[in-house]
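Note on naming: letters A, B, ... go to the chains in the order of the sequence lines (proteins, then strands), and numbering restarts at 1 for each one.
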Protein chains: 2
Amino acid sequence: MTVLEWDPYDRNCPSRQVLDRVGDRWTVLVVGALAAGPMRFSELAERVDGVSQKMLTQTLRNLERDGLVTRTMYAQIPPRVEYELTDSGTTLQLPMKALEDWTKEHMRGIMAARYEYDLHKAELPKP
Amino acid sequence: MTVLEWDPYDRNCPSRQVLDRVGDRWTVLVVGALAAGPMRFSELAERVDGVSQKMLTQTLRNLERDGLVTRTMYAQIPPRVEYELTDSGTTLQLPMKALEDWTKEHMRGIMAARYEYDLHKAELPKP
DNA sequence: CCGAATCCCCTCTGATACTG
DNA sequence: CAGTATCAGAGGGGATTCGG
């Protein structure tokens, strides 16, 4: 299966829309969390520290829309809803994890570089 | 070298700040473009279709600040500025490329899933 | 328990115009 | 050529409230 005819560097390429979603703040973390297996809403909210319920809902809806996550409602009281990665969503784990691992490894270096940069920046007074 | 003491799922983890940057709209594309080798501003602007010069500048500044890209100015007229991935920036290529490849492969499926989803969504009239 | 809906701030972004 | 400055609009995202 060829993918050569698409170029992400072209602004009209659909991959731009996909990249926008995949690259957003919460998607990485939610997919990473779901890698551990099916999870209910409240579990996700707890695991992904700092996400508002609005953003979590939104992120999950988008993932569901993109066919990367399934949403299963159990008709009971109190309600219970489970989210699970689809096959397609599972394949996303690999690049996501690569990104997460890279981040973990380079975090310190980056924070240090920022500190240095900001330091030298401060040394340059305005004309 | 251990990385175990950090947890991206904790809202105070510095990796959150790193993920925010890495995951933004243009960084993926700029890093991908620079993978081909050093490039000047105008070349980048041309390659990364659709980026405004403001966003390109901003993206490059951030990458420079994070120590992922070097900026070399040649004192001549007209001015010439070249950007190049640092060693650290080069290592970022791997996860970025993984993401780009995944995107290319799943783009069609995702666009189709969205279409389906939106279709069924439209079938549900308001109460 | 799992959301939808609303209000509101404020950041991010893109156009446009101006310098070295 | 490679930026900086400025402004206005769109939308991301939090807090809160209400419904099934």
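Rounded to whole angstrom, the span from the CZ atom of R71(B) across to the C1' atom of dA2(D) amounts to 8 Å. Atoms CD (E64(B)) and C1' (dG3(D)) sit 13 Å apart, rounded to a whole Å. The nearest whole Å value for the distance from the CD atom in Q17(A) to the P atom in dG11(D) is 14 Å. When rounded to the nearest whole Å, the span between CG of D20(A) and C1' of dG12(D) equals 13 Å. At whole-Å resolution of the value, CG in L60(B) and P in dA2(D) are 11 Å apart. In this structure, M73(A) atom CE and dG20(D) atom P are separated by 13 Å, rounded to whole Å. Across the protein-nucleic acid pair, L56(A) atom CG and dA15(D) atom P stand 15 Å apart, rounded to whole Å. Taking atom CZ on F41(B) and atom P on dG3(D), their separation rounds to 5 Å, with Å as the unit.
Contact check, R40(B) against dA2(D): a side-chain N or O comes under 4.0 Å of OP1 or OP2. Contact annotation: R61(B) side-chain N/O to dG3(D) OP1/OP2 distance is under 4.0 Å. At least one side-chain nitrogen or oxygen of S42(B) sits closer than 4.0 Å to the OP1 or OP2 atom of dA2(D).
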Item to check | Bracket notation of DNA chain C in which parentheses pair within the strand, [ ] cross earlier pairs, and | pairs with another strand (Watson-Crick or G-U, under 3.5 Å) | outcome: ||||||||||||||||||||
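By the salt bridge (charged side-chain N to carboxylate O under 4.0 Å, His left out) test, R25(B) is found to be paired with D20(A), residues two or more places apart in sequence or in another chain being considered. Residues that satisfy the salt bridge (charged side-chain N to carboxylate O under 4.0 Å, His left out) test with K97(A), not counting sequence neighbours, are D101(A).
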Checklist entry - What string of B, S and - do you get for nucleotides 10-20 of chain C 5' to 3' if you count protein non-hydrogen atoms under 4.0 Å? => result ---BBBBB--B
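The closest donor-acceptor contact from the side chain of T59(B) to the backbone of W26(B) lies at 3.5 Å or more, if one exists at all. The backbone N or O of L68(B) lies less than 3.5 Å from no partner atom in the side chain of D66(B), so there is not a single donor-acceptor pair. Side-chain atoms of D49(A) come within 3.5 Å of backbone atoms of R11(B) as a donor-acceptor pair (strictly under, hydrogens ignored). No donor-acceptor pair closer than 3.5 Å links the side chain of T27(B) to the backbone N or O of D24(B). A donor-acceptor pair is defined here as one N or O able to donate and one able to accept, closer than 3.5 Å; such a pair exists between the side chain of S52(B) and the backbone of M55(B).
For residues 70-116 of chain A, the pairs satisfying ring-ring contact (aromatic ring centres under 6.0 Å, His included) are W102(A)-H106(A), with sequence neighbours left out.
Residue-level contact check: Y83(A) touches the backbone only, with heavy atoms under 4.0 Å from sugar-phosphate atoms and none from bases.
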Exercise answer: donor-acceptor pairs, residues 32-43 of chain A side-chain atoms, under 3.5 Å, sequence neighbours excluded:
unit_1	atom_1	unit_2	atom_2	d
E43(A)	OE1	R40(A)	N	2.8

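Considering only side-chain atoms of V81(A), the nucleotide from dC1(D), dC1(C), dC2(C) that sits closest is dC2(C).
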